[in-house]
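Data first, discussion second: the structure below is written as structure tokens.
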Amino acid sequence: MDIHSINKQELTEIIEKNKLNPSEELLSAARSVRNKYYGNRIFVRGLIEFTNYCKNNCFYCGIRAGNKNARRYRLTEEEIMQCCDEGNRLGFNTFVLQGGEDGYFTDEKICGIVSRIKSKYPDCAVTLSIGEKTRESYKAYRDAGADRYLLRHETANNGHYKRLHPKEMLLENRKQCLYTLRELGFQVGAGFMVGSPYQTSEMLAEDLIFLRELQPHMVGIGPFIPHCDSIFADRQAGTLQLTLTMLALVRLTLPKTLLPSTTALGTIDPEGREKGFDAGANVVMPNLSPTSVRGDYALYNDKICTGDESAQCVKCLRGRIERAGYVMDMGRGDSLTI
Ligand code: SAM
Ligand code: FES
């Protein structure tokens, strides 16, 4: 069966068949495709979570505006630069600036930070992940030198999107942002949570079909994990098995995409990230944020790696990657997707 042409019904059946126990046939097919294009290298990105202020109220998220228990922080431009300096010392060549939708960081501030990083480290790729903005804002970020943009679509099913977000947030707008970013020349990352409330296998099939249309350079998928102060506090987390199934299916659908094995996957299973590599993933994003704020970027409970210094995280990850039979690659790691 050719995954590039099969329909929603057939994809749903494959997901149903594998969701409790992904078959070795599926996982090894995903590994072969990953190896064919990227070999056994795992690319490493330095993640800087620079603000946990957010104007949105996504029902699943621990740092949504309505969570009055969240301890809020913003890194200063100097602190962000210090994270990059530390990343550079450790050998990183890509920095991912992620945060809530925080009005304090105007386009002018974001552009200033991006151009400062790019002029100090011209060979590094800068990725932004700061939510839905206007075309003008995205263009300004691109002109300032940003190379990549991560914006998970969260779910490609409109009814599902409405059950995960307040009514002012629209799937249509989120999808349009992704197409705009692509058109502006960003390397674009879409993605979704696995096992989010109300999600069905049919909806996951729709996610694959949307990704097939968008052809993103990167796809961020990880299990949904509840946060005690979110609307979905009492929901079940997504499972390891279903996440591995979806990683493998994304790899087969988009052979040349960059596919992170996420911190959320490492949170629900101590060997989750290694199992993600064995399902076709080829990126990890260790945290470069100062340890003093790490615990406050709490999208979900029990997040791993919140206490370790950046250098410690890199050492630990290198060991994990090598023990799993892969090679850590700290280069820019551009996507082969055009
Ligand atoms: N504000 C930016 C945005 O909207 O893209 C970036 C930050 S947002 C917190 C990054 C991603 O975290 C979201 O796209 C979502 O998929 C994920 N996330 C949020 N809450 C989560 C949860 N409870 N479990 C797992 N992932 C979660
Ligand atoms: Fe904005 Fe989660 S609600 S980052």
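The figures here come from the full heavy-atom set of this structure, side chains too, leaving out hydrogens, waters and symmetry mates. First listed ligand is number 1; within each ligand, the first listed atom is number 1. Counting from 1, the numbers follow the sequence of the chain as shown.
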Listed partners of H160 passing ring pair (Phe, Tyr, Trp, His ring centres under 6.0 Å), at least two apart: none
Closer than 2.8 Å to atom 2 (Fe) of ligand 2 - protein N, O or S atoms, ordered by chain and residue number: C61 SG
C54 near ligand 1 by a heavy-atom separation under 4.0 Å: no
Polar contact flag for E154 and ligand 1 (N/O pairs, less than 3.5 Å): yes
NZ or CZ of R74 within 45° of Y53 ring axis and under 6.0 Å: yes
Per-atom contacts, ligand 1 versus C61 - under 4.0 Å to a heavy atom: 20 (N)
Minimum heavy-atom distance Y37-P255, with the two atoms named: CE1-CB, 3.4 Å
Numbered atoms of ligand 1 (with element) below 4.0 Å of F224, judged on heavy atoms: 23 (N), 24 (N), 25 (C)
Heteroatom proximity flag, Y60 to ligand 1, N/O under 3.5 Å: yes
Residue portion contacting ligand 1 (non-hydrogen atoms closer than 4.0 Å) for Y297: side chain
Min side-chain heavy-atom separation Y149-K133 under 4.5 Å: yes
Option of least heavy-atom distance to atom 3 (C) of ligand 1 (set: R152, R174, E101): R174
Ring centres under 6.0 angstrom apart (H227, Y60): no
Close approach of H227 to ligand 1, heavy atoms, under 4.0 angstrom: no
Nearest-neighbour protein heavy atom for atom 25 (C) of ligand 1, which is reported as residue plus atom name and distance: P223 O, 3.4 Å
Name each donor-acceptor pair under 3.5 Å that joins a side chain in residues 313-321 to protein atoms two or more places apart or in another chain, with its distance.
residue	atom	partner	partner atom	Å
R320	NH1	P270	O	3.1
R320	NH1	E274	OE1	3.4
R320	NH1	E274	OE2	2.8

4.0 Å protein heavy-atom contact status of atom 8 (S) of ligand 1, strictly under: no
Numbered atoms and elements of ligand 1 in range of S129, under 4.0 angstrom, heavy atoms: 2 (C), 6 (C)
Salt bridge present between D147 and K118 (N-O < 4.0 angstrom): yes
Mode of P226 contact toward ligand 1 - side chain, backbone, both, neither (heavy atoms, under 4.0 Å): neither
Aromatic ring pairing Y161/H165, orientation class (parallel under 30°, perpendicular over 60°, tilted between): parallel
Residue selection (non-hydrogen contact nearest atom 1 (N) of ligand 1) among G99, G131, S196, C177: G99
Numbering as shown, the atoms of ligand 1 that approach L299 to under 4.0 Å (heavy-atom distance): 9 (C), 12 (O), 20 (N), 22 (C), 23 (N)
Sequence neighbours excluded - salt bridge (Lys or Arg N to Asp or Glu O under 4.0 Å) pairs with any residue from residues 35-58: R41-D329, E49-K303, K55-E101
Any N/O pair I225/ligand 1 closer than 3.5 Å: yes
Separation between CZ of R31 and CG of L26, rounded to the nearest 0.5 Å: 10.0 Å
NZ or CZ of K109 within 45° of Y104 ring axis and under 6.0 Å: yes
R235 to Y198 six-membered ring, cation-pi geometry met (6.0 Å, 45°): yes
Backbone or side-chain N or O of Q98 under 3.5 Å from ligand 1 N or O: no
Flag if over 12 foreign heavy atoms under 6.0 Å of CD, E322: yes
